[in-house]
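Only one structure is covered here, and it is reproduced in the block below.
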Amino acid sequence: VRQRIFLFHVGIEKLCPSAVVRFAAILTLLTATLPAFAALGEAASSVQVDQAHMQGVLRVTQTQAYTVHAIQAATGTVVREYVSSSGKVFAVAWQGPWPPDMRQILAGFFEPYQQAVRAQTHFRGRQPLRIEQPGFVVHSGGHMRSFAGHAYIPEMLPQGVTPEEIR
Amino acid sequence: MKRLHAIPILATFATLLSVTGCGGGGGSHVNVNTVAASGSNIQPVTVNAGPAGNYANGAFTSVTVCVPGTSTCQTIDGVLVDTGSSGLRLLSSALTVTLPQQKASDGNPVVECLPFVSGYTWGPLQAADIQISGEKASTVPVQILSDTDFPVPLACSDQGSSQDTLTALGANGVLGVGNFAQDCGAACVTTGASNPGLYYECPSSGCVVVAESLSQQVPNPVALFPADNNGVILEIPAVTAPQASVSGSLVFGIGTQSDNALNQAVVYTLNANGNFTTSYNNQTYDQSFLDSGSNALYFLSSSATGIPLCPDATFFYCPSTTQNLSATNQGLNGASSEVEFSVANADSLFNDNAAAFVFGELAGPNSLAGFDWGLPFFFGRNVFTAIEGKSTPGGTGPYWAY
């Protein structure tokens, strides 16, 4: 059973070329298909289902700007989802001995992620991964038995939240 | 005339030495090390463009693989020396000798999906006798990289992009001589959710994740040498300016021969994930690591360092003038030392030195995963990588020493 951990149910296969159109599409799709994430109860239950499937430990912490749902999988890798006060997941981060399933974590952003990674084949060597598109950012790094990374939607970062704290 | 010419040469040496002695003094940081030249445990390494012709800061060597127990062998060059991973992986497209397929107890072929930061390697495990310098490891599982021998499962391709071609890998293979004895270790011996899913059995009906015993996993081949099996030293001379090529040595064993003693090197022990800490600007980053397989010094972000990213080579930093910086590495054992390093403008390095592939001052961002001390860290330093569980005169691995 493939388990959905994270909540970018945007359902778009490709990001639109225009940031404005993309942002509008994200908002529309989130609104249209994800009423659940406007409700804290639904988001929390979804996370608990994920927790059960990952046989992991869930921990919820809250700051003024967002709530963090952290699931430690049985493999030791911890995945954190950052939920804004409106109930939307605006970022995910991971850390542990092995990378998480990127398709699960990125959901609708997975295909653009794949395309961006493949576009970096002429890269002059092995290095951390860095994708910075107008509506979608991914950074990851590490080595065998130690991986860390994050993905976020810049437009959705709550005011005062910096990318550095998403980890 | 010869005597007269010797004076400016000596003066140049004296200048270089004095720069080293005062730790940079406003110029580039230059380290001085002695590179062991030859011996039964010494394998030549070259930092150059590699077999793809475009690699920056890649340390390449050659590896001989043989059908186990026979003299049917092939020497493959252009194999990347990687202290950040464990295990030998070779492109199927570079392999001409036919090695026996590793099979599970039910007779099905064993295939591996190994995640790297920017993607994955996929392909069958095959057995080889591995010869490097005078060292030999017998009947070793090796991953043969190919997207076509067995179809790539979705769970593997979801890790990113395939590294199974010369274009993507930039090398004919990867020689992982890191701190771990196997690539996966205990996690892949388990069943269920705790297994990260690296090893597959692939019957004709399709590939499924399986548990794999430690002895059947892809090992660090050094750990299987009869002697000189507790680690390696990567020895590359200092790089004072961009150049096309630099020669160094990969030395096997730590304190097992007269040519691989620790001498004055300081031991820094690691946590279970193979990291130590680096402190910079009063902040401590506990997921920091040495990695000859990273092609630059990767650390922090542009906003954290105040160094702009390059307009062209956006993976790298582009300060308007070369920045001389320092950080402190600390092992779990408390041992610490200051590291001085320089960050040059990468666009200028590349554009002004089109024929160069060795850059001591190449650096870029690494927003999340601590300090990734890539190959430039190794220039001018003899860096010891001790394997987990192996005893050495500096204690039991895993550790780094320099």
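This one's a predicted model, so the numbers in the text were calculated from it and none came from an experiment.
- Of all the heavy atoms in F116(B) and F147(A), the pair that sits closest is C-CE2, 3.8 Å.
- Once rounded to the nearest 0.5 Å, the distance linking OG of S367(B) with CD of E132(A) reads 7.0 Å.
- Neither the backbone nor the side chain of N271(B) comes within contact range of chain A; no heavy atoms are under 4.5 Å apart.
- When side chains are defined from C-beta on, Q104(A) does not count as touching D158(B), because their heavy atoms never get closer than 4.5 Å.
- The CZ atom of R103(A) lies 11.0 Å from the CD atom of Q159(B); values are rounded to the nearest 0.5 Å.
- Options D291(B), N275(B), D372(B) differ in how many heavy-atom pairs under 4.5 Å they form with chain A, and the most are formed by N275(B).
- With contacts defined as side-chain heavy-atom distances shorter than 4.5 Å, the pair N295(B)/Q127(A) qualifies.
- When each of A296(B), C184(B), S294(B) is scored by its heavy-atom pairs under 4.5 Å with chain A, the top score falls to C184(B).
- Residue contact with chain A, scored on non-hydrogen atoms closer than 4.5 Å, involves the backbone and the side chain of Y55(B) alike.
- Proximity to chain A is limited to the side chain of L80(B), based on heavy atoms less than 4.5 angstrom apart.
- Here the CZ-OG distance, from R118(A) to S161(B), works out to 7.0 Å after rounding to the nearest 0.5 Å.
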Quiz item: Yes or no on side-chain contact (heavy atoms from CB on, under 4.5 Å) for H143(A) and V117(B), after CA distance, side-chain angles and deciding distance?
Solution: CA-CA 7 Å; H143(A) 56 89; V117(B) 165; over 6 Å; no

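- Closest approach of P128(A) and P365(B) over heavy atoms only: CG-O, 4.1 Å.
- The CG atom of N179(B) sits 11.5 Å away from the CE atom of M144(A) when rounded to the nearest 0.5 Å.
- Looking only at distances, a side-chain donor or acceptor of R130(A) sits under 3.5 Å from a matching main-chain atom of T314(B).
- Of the two parts of L114(B), only the side chain, counted from C-beta on, holds a non-hydrogen atom closer than 4.5 Å to a non-hydrogen atom of chain A.
- Counting heavy-atom pairs closer than 4.5 Å to chain A, the top residue among G50(B), S85(B), S288(B), A304(B) is S85(B).
- Side-chain N or O atoms of R126(A) include none that pairs as donor or acceptor with a backbone N or O of L169(B) at under 3.5 Å.
- Contact tally against chain A (heavy-atom pairs below 4.5 Å) for T165(B), L198(B), D82(B): the top residue is L198(B).
- No donor-acceptor pair under 3.5 Å is formed between the side chain of Q287(B) and the backbone N or O of Q95(A).
- Only the side chain of S301(B) has a heavy atom closer than 4.5 Å to any heavy atom of chain A.
- Between the CG atom of L368(B) and the CZ atom of R167(A) there is a distance of 5.5 Å, given to the nearest 0.5 Å.
- When G160(B), G176(B), G58(B), G84(B) are compared by the number of non-hydrogen pairs under 4.5 Å with chain A, G160(B) comes out ahead.
- For the atom pair W98(A) CH2 and N273(B) CG, the distance stands at 10.0 Å (nearest 0.5 Å).
- For the pair R124(A) and F350(B), the cation-pi criterion (under 6.0 Å, within 45° of the ring axis) is fulfilled.
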